[in-house]
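Heads up: numbering here begins at 1 and tracks the sequence.
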Amino acid sequence: MAGTALIALDRPGLAAYPITDRLRAQLVYFMTPGGSRGAPDLIEGEYFFSDDEVAKWLDEGVFYLVSPLDTANMTEVEITEEQEVFLGWLQANKVRHVRVKE
């Protein structure tokens, strides 16, 4: 397989999901940190996504980021089409734990 893709660790029979470099850099916006809220400890290149959060982002069409210039406030960011398709893939396939494969 050429390019970067996500391998679903909790759905071993599922085909890899190809991602762009841009989406790869954005995975941290959506991940649940390892060891918190039911997430397993993660190694480098692994990400865990809370199914409740994925459903919320898809329903609302936005997510929230802390600005490095104003850490007291969150900024509402509209999800892009690429992010929406990715979140939809997670939800439709019940994927929560992935590893990036180059």
So do [Y] and [X] actually touch side chain to side chain, heavy atoms under 4.5 Å?
X	Y	answer
Val100	Leu6	yes
Ile7	Val98	no
Glu76	Phe63	no
Val95	Leu14	yes
Val28	Tyr47	yes
Leu23	Thr4	no

Query - side chain to side chain donor-acceptor pair (under 3.5 Å) against Thr20, all qualifying residues, sequence neighbours excluded - result: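 Thr20 satisfies side chain to side chain donor-acceptor pair (under 3.5 Å) with Glu82 only.
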Report task. Could you list the residues that satisfy side chain to side chain donor-acceptor pair (under 3.5 Å) with Asn73, not counting sequence neighbours? Result ->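 Only Asp70 meet the side chain to side chain donor-acceptor pair (under 3.5 Å) criterion with Asn73.
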Query - Cluster check Val62, Leu87: I/L/V/M/F/W/Y, side chain < 4.5 angstrom - result: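 No, because Val62 and Leu87 fall into different hydrophobic clusters, even though each may have its own neighbours under 4.5 Å.
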Query raised in the report: Out of curiosity, does Met74 fall in the hydrophobic cluster containing Ile79 (side-chain heavy atoms, cut-off under 4.5 Å, transitive links)?
Result: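 They do not share one cluster, since no chain of ILVMFWY contacts under 4.5 Å joins Ile79 to Met74.
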Query raised in the report: Minimum heavy-atom separation for Ala5 to Ala16, with atom names?
Result: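 Minimum heavy-atom contact is CB-CB, 3.9 Å.
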Could you list the donor-acceptor pairs under 3.5 angstrom formed between side-chain atoms of residues 38-46 and any protein atom two or more places apart in sequence or on another chain?
unit_1: Glu46; atom_1: OE1; unit_2: His97; atom_2: NE2; d: 2.9
unit_1: Glu46; atom_1: OE2; unit_2: Arg99; atom_2: NH2; d: 2.9

Query raised in the report: To the nearest 0.5 Å, what is the distance between CD (Gln83) and CZ (Arg22)?
Result: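 It comes to 8.5 Å.
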Requested in this report: Drop me the distance from Glu84's CD to Glu78's CD, to the nearest 0.5 angstrom.
Outcome: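 So the CD of Glu84 and the CD of Glu78 are separated by 9.0 Å.
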Query - Residue pairs passing the side-chain hydrogen bond (donor to acceptor under 3.5 Å, both in side chains) test where at least one lies in residues 87-96, sequence neighbours excluded - result: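 Residue pairs passing side-chain hydrogen bond (donor to acceptor under 3.5 Å, both in side chains), neighbours aside: none found.
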Requested in this report: Please list, chain by chain and in numerical order, all residues satisfying salt bridge (charged side-chain N to carboxylate O under 4.0 Å, His left out) with Arg24, sequence neighbours excluded.
Outcome: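 For Arg24, the residues satisfying salt bridge (charged side-chain N to carboxylate O under 4.0 Å, His left out) (neighbours in sequence not counted) are Glu102.
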Give the table of side-chain donor-acceptor pairs shorter than 3.5 Å for residues 48-58, with sequence neighbours excluded, one pair per line with atom names and distance.
unit_1: Ser50; atom_1: OG; unit_2: Asp52; atom_2: N; d: 3.4
unit_1: Ser50; atom_1: OG; unit_2: Glu53; atom_2: N; d: 3.4

**Report entry** ring pair (Phe, Tyr, Trp, His ring centres under 6.0 Å) involving Tyr64 - partner list, sequence neighbours excluded
**Finding:**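 By the ring pair (Phe, Tyr, Trp, His ring centres under 6.0 Å) rule, Tyr64 matches no residue at all.
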